[in-house]
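Encoded as C-alpha cells, the structure appears first; notes follow it.
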Protein chains: 2
Amino acid sequence: MEKNKTIRIKDIAKLSGVSVGTVDRVIHKRGKVSDVARKKVEKILKEIDYTPNLLAKTLGSNKTNRIAVLVPHPDEDPYWKLSLDSLEASKKEWQPYQMQIETHFFKLNDEESFKRVAYNVLENKPDAIISAPIFLNVALDFFKEIQRLGIPYVHFNTMINGISPLAFIGQDLYQSGQLAGSLIDLCTKSNSGTVAILHISEKVQHSVHFIEKERGFRDYFNKKQSSKMEVISIIIEGDDMKSFESKLVDAIKSNDIKGLFIPTSSGAKLTANIISKYKLPNICIVGYDLLKENIELLKSGQINFLINQNPNRQVNRGIYHLANHLLFKKETPKLELFPLEVITKHNLDSYIKSNIH
Amino acid sequence: MEKNKTIRIKDIAKLSGVSVGTVDRVIHKRGKVSDVARKKVEKILKEIDYTPNLLAKTLGSNKTNRIAVLVPHPDEDPYWKLSLDSLEASKKEWQPYQMQIETHFFKLNDEESFKRVAYNVLENKPDAIISAPIFLNVALDFFKEIQRLGIPYVHFNTMINGISPLAFIGQDLYQSGQLAGSLIDLCTKSNSGTVAILHISEKVQHSVHFIEKERGFRDYFNKKQSSKMEVISIIIEGDDMKSFESKLVDAIKSNDIKGLFIPTSSGAKLTANIISKYKLPNICIVGYDLLKENIELLKSGQINFLINQNPNRQVNRGIYHLANHLLFKKETPKLELFPLEVITKHNLDSYIKSNIH
DNA sequence: TCTAAAAATGTTTGCGCACACACTATATTT
DNA sequence: AAATATAGTGTGTGCGCAAACATTTTTAGA
C-alpha cells in the first residue's frame, strides 16, 4: 500500500540480480546480453508495470531532435498559408523537449523546386519529416530515399499510394464530397434541377484529391432515389478567367443550377465574385476551409457552407506524432482521419475563436 | 553562429561571476542575495535569452503531482459517462510526468453527496482540481475554499460567476442555441409555423445552461425578419413521462410544429420514441452530443442534427492545462470555448472514427 | 595450455535543475 | 575578546535515465 514508489531501472536491476547496464540492454535491445540474464530481467519486467520516466529519458539522452516540415510556399497559396498558421505554437510547444522544427518551402507548381528543396532537406539529415506529397512522380523517389535512410516521416493532406509513411493525416475525401452533396441538398429547397462541381485551375498533381471529392459528390445524388438532381462538372484550366466567367454564367443561366460545389479552398471567392458581378440568382455554394475570403463570404451569405480541412491542425498533429515517436517511441496510428467539420454562418465564430490545435 | 548551445544556469553563473547557487536565488527570488550580486546576475539575464530546461526542472524537483477530477457519477447519466470516455488516455498521457489523475464522483441530483465528495477531495490535498460546477450554492463555498488554499482549478461544461478558475472550458451556449435555431430553419422548408424547445427533466442546478441555449434559440428566430416562426417552450418536470407524452403530442398536433430543439443530450431519444410511437409527421429535430442512442437516431434519420459538446475533450483539455500549469508553469487561457460542431448523418462517421482529443 | 579476441556484465558520468548543506565574512552579543 | 548570530555565497547531491567506459568472464585459436 505504502510503497507507491515509482519503479526505476535501478529497482529492476536489484530485483533481477543484475546491473542497471544489463537492464538497460534488455529494455532497449542493444548490446550483448546472455539468455540467462535476459530472462531474469524479462521475468521481472513482466511482473511489474515499468513505465520509464520520460523526463529523465529525454534529459539523459541529451539529444536535440529536428523535424523538417516540407510544404508549398505559403505566399503562393492561401490554403498552404493556413497550414502554417499555428506552426509557431507547435514550435513553442516542443521547444522544452529539445525538439527543433524547421520549415522548407517549395514552389507549388514547380517540380524542379520541389526536387531541389527536398534533397536539401535530406542533406540536412533531419530526424523526422512531415510533408504534403505533391508531384507524385518526383515525390515517390524522394520518399523511397527517405525510407531507405530510415528517417521516420508523416504525410498530410493528400494520401498517395506506393509508400507507407508512419502516419497519414487528412480527411476521407469521398465522404467529404458526399457531405458537400448533402449540404447542397439541404439548402436547395427543390428536388430537381442541376448541381455543378467546379474545377478551377486545378493542377494535375492534385487530381487524386479532387477526383475523390467529385466521386463522393456525384454518388450522393446518384444514390438518393427521391432526387432528380442532375450533376455536371465545369472545368477551367490554366488561368483563363474570362472563359471561366462565360462558362459559368452560361451554365447557370441555361441549366437551372441550384447548387455549386467548389472543392478548392480558393475557388469560392472567384465564383462568388462572378455571381455577384452578373447579379445571378441565389445559388447554394459549398466551399472549403477558413480562408479569410471564405470567412467573409460566409458571413455575408454569399456562400452557404464551408467544410473545414483544418490544414494547420493536420500539420500540428503530424508534428505531435513525430515528436512522440522520436522522444517516447510511441506508436502512431497509420491513418488519422480528421472529422469533416461543417461551418455555417452560425458556428463560424466559435471556430475562429477556438484555439484548439 | 556556431554556439547555438543552450544556456544553462551554470553559464549564467560563469558570465556574471557568481555561483550557480546565487543565480538560482536570483531567478527564484529565494534566500539572501546582496544587491551587488543580484545586479550582476540580472544584467546577464537581461542580455541573454534564458529559457530553463523544463525537463530538468521537473526532474530535479522530483515531485508527484495529483490532479483531482470531480464529476457526476457516469453511471447516472450518459452525458457524464461520455465525458470520461477518454480519461484513460489522459491518464496514460500524463503518467510519465509523475502526474496522477484521480476521479471523484458525486451523485448528480444530490447536494449532500457533492458536499461530501468535494470535501473529501480537499482532504486529499490534490495539487490541482478540475470539476463541473453543479450545485451553484454549495459549489461556491467549495471553490472559495479551494481558492483560499491556493489550489489551481479549472471548470468545464458550465460557467458560473463569482469565482475565477484558472480556466473555463466549454462552449458559448447562447451561440449554441442560435446555431440550433439556424439548423432547424435550414431543414424546415417553410417560413411559418411553430418551433419548440423542450425542457425535459431538467434540474434546477442546470438552469443557467439551458436558459442560455433557449435565449440564443429564441433570438435566432426573433432577429430573422423574413421568418414568422413562432417559438414555444414545452416543459416537463420530474419524471412524469406520461404527462410529457400528452403535452408533446398535443403541442405537435395543435401547433403545426416544424422543429424541435432538445437542449439535453439524453432528451432526443425520449422525444424520437414518442414521435415514432404516435406516428407523428416528420419534424426537424436538433439534439446534443454523440450518445450511442443519438448516433443511431441520426443514422436512421429520426433526428436531423446533433451539436457536439465534446465533453470528453473538455475534460482532457482541462487536464492538459492543469498539467502544463503544474509542470511547466505555463499560463492557461482564462476561457477556452470549443467550436460548435455540427453533426449530420453525413459527417457522423468521420467524427466517430476520428480519435483526436 | 596459453593467449587474444569476443562476449557479457558492472560502474561511472553527465544531462540541467532544485535544494540541502557547508562555508566565509561580518555584525552582534556577552 | 571570545562566543554567537546572521547575511551572503559556494559546493554537493539526487532526480531517472542514456551512454560511455571499465572490468570480468567466456570462447576460440594456435
Side-chain angles (χ1 to χ4, degrees), chain A residues 4-42 44-45 48-65 95-99 127 326-330, chain B residues 4-42 44-45 48-65 94-99 127 326-329:
Chain A
N4 205 359
K5 283 272 292 167
T6 51
I7 297 158
R8 301 157 299 174
I9 283 190
K10 209 177 173 181
D11 300 315
I12 299 174
K14 190 169 283 175
L15 285 171
S16 35
V18 297
S19 72
V20 289
T22 303
V23 175
D24 177 75
R25 274 167 219 124
V26 172
I27 289 177
H28 297 96
K29 302 187 204 308
R30 57 183 161 211
K32 311 271 185 181
V33 185
S34 69
D35 279 0
V36 184
R38 169 171 295 107
K39 271 173 190 157
K40 280 196 287 188
V41 174
E42 280 172 348
I44 299 296
L45 282 176
I48 62 163
D49 183 31
Y50 172 65
T51 43
N53 183 321
L54 299 182
L55 299 175
K57 190 170 183 157
T58 312
L59 186 64
S61 68
N62 190 34
K63 189 182 178 236
T64 304
N65 284 298
Q95 190 179 358
Y97 304 90
Q98 335 259 79
M99 184 75 55
D127 299 284
L326 291 174
L327 288 178
F328 310 135
K329 313 274 176 265
K330 276 198 191 152
Chain B
N4 205 0
K5 283 272 292 166
T6 51
I7 298 158
R8 300 157 299 172
I9 284 190
K10 208 178 175 180
D11 300 315
I12 299 174
K14 191 169 282 176
L15 285 171
S16 36
V18 296
S19 72
V20 289
T22 302
V23 176
D24 178 73
R25 273 166 220 126
V26 172
I27 289 178
H28 296 96
K29 302 188 205 308
R30 58 183 161 210
K32 310 271 183 182
V33 185
S34 69
D35 279 0
V36 186
R38 169 171 293 108
K39 272 173 189 157
K40 281 197 287 190
V41 174
E42 280 173 347
I44 300 296
L45 281 176
I48 61 162
D49 183 30
Y50 172 65
T51 43
N53 183 320
L54 299 181
L55 298 177
K57 193 169 180 156
T58 311
L59 185 63
S61 67
N62 189 34
K63 190 179 177 245
T64 302
N65 285 297
W94 291 107
Q95 189 179 7
Y97 301 91
Q98 335 258 80
M99 185 72 58
D127 298 283
L326 290 174
L327 286 178
F328 308 135
K329 313 274 176 267

With rounding to the nearest 0.5 angstrom, report the [atom1] to [atom2] distance, [X] to [Y].
X         : Y        : atom1 : atom2 : result
Ile7(B)   : Ile48(B) : CD1   : CD1   : 4.0 Å
Asp11(B)  : Tyr50(B) : CG    : OH    : 9.5 Å
Leu326(B) : Met99(B) : CG    : CE    : 5.0 Å
Leu54(B)  : Leu55(A) : CG    : CG    : 9.5 Å

Touch class at under 4.0 angstrom, heavy-atom based, for Ile9(A) against every strand present: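 Sugar-phosphate: the residue Ile9(A), judged by heavy atoms under 4.0 Å, touches backbone atoms but no base.
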Touch class at under 4.0 angstrom, heavy-atom based, for Val18(A) against every strand present: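 The answer is sugar-phosphate, as Val18(A) gets under 4.0 Å only of primed atoms, P, OP1 or OP2.
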Write down the distance between [atom1] ([X]) and [atom2] ([N]), rounded to a whole number of angstrom.
X        : N       : atom1 : atom2 : value
Gln98(A) : dG14(C) : CD    : C1'   : 13 Å
Asn62(B) : dC15(D) : CG    : C1'   : 5 Å
Lys39(A) : dT9(C)  : NZ    : C1'   : 18 Å
Asp24(B) : dG8(D)  : CG    : P     : 17 Å
Leu59(B) : dC15(D) : CG    : C1'   : 4 Å
Lys10(A) : dA18(D) : NZ    : C1'   : 16 Å
Leu55(B) : dG16(C) : CG    : P     : 11 Å
Asn53(A) : dG14(D) : CG    : P     : 17 Å

Would you say a side-chain N or O of [X] is under 4.0 Å from OP1 or OP2 of [N]?
X        : N       : answer
Thr58(A) : dC15(C) : no
Tyr50(B) : dC17(C) : yes
Ser19(B) : dG10(D) : yes
Ser61(B) : dC17(C) : no

Comparing Arg38(B) and Ala56(B) on DNA chain D - which has the more 5′ nearest nucleotide: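 Its nucleotide being nearer the 5' end, the pick is Arg38(B).
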Do [X] and [Y] touch side chain to side chain, with heavy atoms closer than 4.5 Å?
X        : Y         : result
Arg8(B)  : Asn53(B)  : no
Ile27(A) : Leu45(A)  : yes
Val23(A) : Lys10(A)  : no
Val18(B) : Val41(B)  : yes
Lys63(A) : Asp127(A) : yes

Set of residues satisfying salt bridge (Lys or Arg N to Asp or Glu O under 4.0 Å) with respect to Asp35(B), sequence neighbours excluded: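 Only Arg38(B) meet the salt bridge (Lys or Arg N to Asp or Glu O under 4.0 Å) criterion with Asp35(B).
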5' precedence on DNA chain C between Val20(A) and Leu54(B) (nearest-nucleotide basis):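 Going by which nucleotide is closer to the 5' end, it is Val20(A).
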Positions of residues 27-34 of chain B (non-hydrogen atom under 4.0 Å from DNA chain D), listed by number: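 Residues of residues 27-34 of chain B that come under 4.0 Å of DNA chain D are, in numerical order, Lys32(B), Val33(B), Ser34(B).
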B/S/- contact track for nucleotides 20-29 of chain D, protein heavy atom under 4.0 Å: ----------
